[in-house]
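Since the structure comes first, as structure tokens, the remarks are kept for the end.
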Amino acid sequence: MADLHRSSTATPTELHHQLPPPFDHSQEPFELIAQGAESLLFRTTFLTGSVSDGRPAVAAALKVRPKKAWRHPTLDKRLTRARILAEARVLVKFSGEGIATAGSSSGRSGKSGRRDKVKAPKENDGRLRDAVPNVLGLDWEGGWLATEWIEGPMVKKAIYDYAKMASTMSEEGGVQNLKGLLRRIGAVVGRLHAAGVVHGDLTTSNLMLRPHRHHPKAVGSRASDDDDGSVSKVQEAGTDNLQGEIVLIDFGLSSQSISDEDRAVDLYVLERAFGSTHPREEHLFPEVIAAYQESMNDIGPVVKGAKLGAGDVVVRKLEDVRMRGRKKSMIG
Amino acid sequence: MPIAIGLEGSANKLGVGIILHPDDRQWEADPPSPHDSAHSDDEASHARKSKHASPPVQILANLRHTFVSPPGTGFLPKDTAAHHRRWVVRLVKQAMKQAKVRLEDIDCICYTKGPGMGAPLGSVAIAARMLSQLWGKALVGVNHCVGHIEMGRAITGAENPVVLYVSGGNTQVIAYSAQRYRIFGEALDIAVGNCLDRFARVLNISNDPAPGYNIEQLAKSGKVLLELPYAVKGMDVSFSGILARVEEMARKLEASQSGIDGPWRDDETGEPITKEDLCFTLQETVFAMLVEITERAMAHVGANQVLIVGGVGCNERLQQMMGMMASERRGSVYATDERFCIDNGIMIAHAGLLAWKMGFRTAIEESTFTQRFRTDEVLVNWRE
């Protein structure tokens with residue numbers, strides 16, 4: 001590594017100087033996708049490409065958490081470490097959850113016969129599977145986490161696009177599609193909670209909409225050739241843009257919790273973020289809650305001796321949280 | 001050229017302000033300044049220097065009288081209300097004199113309808129009603145938070161900023177959308193100012209001029225950063241756990257200083273922990289949380305301006321941290337000084353007059369006050 005020529009990597013944008021080692025002198029392409037609140041997201045390729053055996057380079061998402069100069073260095077280090085680990089822990093937990101992998105992350109791109117035997121997952125069986133990206137690598141000192149690349153738009157953008165279209169023509173089918181999307185969001189959050197994790201930062205920017213593929217389990221690996229066609233088709237098809245499977249990203253604030261309170265706060269955060277981001281679609285948000293409730297009742301932990309399902313309990317708790325939130329505009 | 005008088009008394013400050021809005025034509029014809037005039041300025045320079053140098057409003061009077069309670073205590077509603085009743089007439093008279101306006105020049109009487117503490121709000125609402133009856137002028141009930149936001153915008157010239165509203169009773173991250181100030185994030189339990197105030201009480205820090213100000217001064221000589229909980233949930237924050245922990249630390253410090261326990265030393269340097277360190281730790285932690293949720297909201301709505309309002313917004317360390325964050329995002333921070341950050345009458349007059357010009361009136365039967373009044377309940381029809 002040390003003999004790599006230091007200045008060899010050009011930095012097309014100024015933010016690239018924020019790349020931590022080893023990426024600061026990597027030959028891979030780095031495309032800055034987004035500057036989030038606390039991280040820079042690059043699209044790159046990660047180790048997996050190989051000329052010798054003809055494997056194509058696999059797109060990866062590199063999330064870099066640059067140091068925050070405004071934060072006390074001790075606090076900064078503590079938070080960066082905690083968040084990278086929290087995120088990785090959850091992602092790793094779910095990449096193994098319910099689906100047979102070849103035992104290592106590279107198994108994803110390998111020809112594991114075992115995985116091929118796994119049947120397409122049922123809609124609501126409580127497994128997260130492809131609902132989160134896979135971890136490729138991380139370094140909490142350097143402040144980075146690499147995961148597989150998720151194709152498709154943010155849910156926020158999909159709804160914005162929908163809203164733009166819906167304003168020009170009123171279309172009943174469009175509303176149905178949007179409702180369907182909201183229900184899928186609710187269901188996936190239910191699955192997440194049932195698996196013992198709260199996200200901590202649910203917004204429509206942290207939900208991706210991956211276009212449906214023939215083989216939903218062949219994540220970001222070799223499926224890319226038949227992907228391209230379907231992606232563009234989906235994007236042309238107006239409100240069909242709302243089709244696709246929900247992928248949860250940005251688990252930096254997540255925690256392992258099975259408390260109804262935490263779950264309810266998680267929903268509340270989403271509800272409020274949704275209302276403020278998509279005020280015109282806010283009235284449809286109950287779809288998310290309803291689907292969440294169903295999915296949690298279905299697959300969530302059974303509450304002993306109670307007539308209520310796990311989902312009912314959380315939704316009831318959500319009422320409390322809302323009340324508390326509402327009280328907040330107290331003393332000026 | 002409409003003129004309004006504003007009365008504020010939602011907490012321990014009684015404020016009376018008189019504002020004049022120049023004719024709409026005049027300043028609407030003014031081409032909107034490139035909202036990024038701020039870009040060219042460095043982070044510390046407020047928009048005052050830019051094209052908005054003279055805000056399109058004239059402040060004719062802005063008076064305030066604060067009820068200060070002894071160290072170790074907070075301000076109680078009953079005493080605060082009594083304070084406001086005692087001072088309101090004097091302050092109104094003085095403001096009228098200073099503004100050199102005649103009664104007939106005044107178009108409306110604006111008062112804080114809420115949110116805030118009930119008793120003090122009540123005494124000011126009564127004063128406003130009295131003036132309305134006495135002078136035969138229309139009443140305009142104003143949301144306190146909207147007052148802060150509008151005043152901040154008018155003074156700094158920030159066009160469409162993400163607003164961090166931080167005070168003794170409120171902690172909100174707000175952005176404008178579709179004629180409402182929408183709350184993106186807020187404190188789920190106590191407000192940040194309340195957390196600071198209550199911490200000050202434990203350490204017997206003076207409430208004069210404000211507990212937060214004194215914590216800020218002490219924090220300047222703090223060095224050690226102790227570990228406090230850090231509670232950010234999405235764009236929301238929580239301070240009660242932090243308060244509980246830092247209060248515990250304050251008691252530990254007291255015990256060590258009074259010799260009951262051994263001296264409390266920093267693990268790394270061996271230096272004894274001081275009151276200043278606690279203030280420093282608390283500020284660094286809670287402000288980092290606030291800057292973080294603000295940045296999150298900015299990223300979320302794609303804004304690069306941020307405006308800080310509310311009493312805690314005077315804190316220069318918070319402004320500095322926010323400025324660093326904003327410049328990292330190639331944006332800018334706008335803040336005002338204590339005249340406008342801390343509760344005042346002028347902001348009520350200003351926001352009230354904006355609503356008045358849109359035809360809003362509060363009938364005497366409806367001139368109530370309320371402790372709970374969400375920022376997003378107000379229809380902001382004076383903005384596009």
Side-chain angles (χ1 to χ4, degrees), chain A residues 14-15 18 34-40 66-79 82-83 154 156 198-206 250 252-255 261-262 265-273 275-280 282 321 324-332, chain B residues 8 10-11 112 114-117 121 144-145 148 167-172 175 177-178 180 182-189 191 194 225 227 230 232-236 284-285 287-288 291-293 295-301 310 320-325 328-329 343 371-376:
Chain A
E14 54 196 293
L15 287 164
Q18 307 227 29
Q35 184 184 11
E38 50 188 84
S39 58
L40 301 170
K67 288 190 170 62
K68 299 285 189 191
W70 45 267
R71 196 148 65 189
H72 191 284
T74 310
L75 183 59
D76 190 61
K77 218 176 250 179
R78 200 181 106 204
L79 293 173
R83 287 174 183 176
M154 280 191 276
K156 179 168 91 169
V198 291
H199 183 281
D201 188 17
L202 286 172
T203 65
T204 47
S205 314
N206 286 340
D250 266 344
L253 293 179
S254 70
S255 53
E261 166 78 20
D262 292 345
V265 169
D266 219 20
L267 284 182
Y268 181 65
V269 167
L270 177 60
E271 180 173 81
R272 285 257 317 288
S276 41
T277 321
H278 312 288
R280 265 185 302 186
E282 190 176 8
V321 177
R324 233 170 24 203
R326 292 272 158 203
K327 270 188 209 152
K328 272 327 293 164
S329 50
M330 293 279 291
I331 302 152
Chain B
E8 150 65 27
S10 59
T112 310
M117 290 170 91
L121 279 173
H144 181 86
C145 315
H148 270 298
S167 68
N170 285 286
T171 306
Q172 299 176 342
S177 156
R180 301 267 168 193
R182 300 196 183 265
I183 302 173
F184 278 71
E186 63 190 314
L188 293 171
D189 38 46
N194 191 244
L225 186 88
E227 187 164 337
Y230 188 91
V232 171
K233 299 173 188 191
M235 283 185 249
D236 293 331
E284 287 299 311
T285 308
F287 291 169
V291 176
E292 183 177 338
I293 59 169
E295 181 170 29
R296 213 173 272 269
M298 288 169 78
H300 194 69
V301 302
Q320 182 194 29
M321 287 167 76
M322 198 63 88
M324 287 162 87
M325 181 275 282
E328 272 175 20
R329 301 188 66 81
D343 292 350
Q371 286 163 297
R372 289 164 203 170
F373 190 0
R374 298 275 297 178
T375 315
D376 47 15

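Just so you know, these numbers use all the heavy atoms, side chains as well, and skip hydrogens, waters and symmetry mates. So that the names make sense, note that chain A is the first sequence line, chain B the second, and so on, each numbered from 1.
Taking the side-chain contact (heavy atoms from CB on, under 4.5 Å) definition, one finds that A:R78 meets it with A:L75, B:E227, B:Y230, sequence neighbours left out. For B:N194, the side-chain contact (heavy atoms from CB on, under 4.5 Å) test picks out B:I190, B:A191, B:R198, with sequence neighbours left out.
The shortest heavy-atom contact between A:K67 and B:E328 is O-OE2, 4.4 Å. The two residues B:A288 and A:W70 make their nearest non-hydrogen contact at O-CZ3, 3.6 Å.
Only the side chain of A:L79 comes within less than 4.5 Å of a heavy atom of chain B; its backbone N, CA, C and O stay farther away. Looking at B:L121, neither its backbone nor its side chain comes within 4.5 Å of chain A, counting heavy atoms on both sides.
Considering only heavy atoms from C-beta on, B:E284 stays 4.5 Å or farther from A:T74 through its side chain. For the pair A:R71/B:M325, no side-chain contact is recorded, criterion being any heavy-atom separation below 4.5 Å from C-beta on. B:R182 is listed as a side-chain neighbour of A:P279, based on a closest heavy-atom distance under 4.5 Å. Between B:R296 and A:D201 the shortest side-chain heavy-atom distance falls below 4.5 Å.
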Please walk me through it: do B:E292 and A:K68 pass salt bridge (Lys or Arg N to Asp or Glu O under 4.0 Å)? CA-CA 10 Å; B:E292 183 177 338; A:K68 299 285 189 191; over 6 Å; no
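Of the listed residues B:H300, B:M322, B:R180, B:M298, the one with more heavy-atom pairs under 4.5 angstrom with chain A than any other is B:H300.
Distance alone, capped at 3.5 Å, places no donor-acceptor pair between the B:K233 side chain and the A:D262 backbone.
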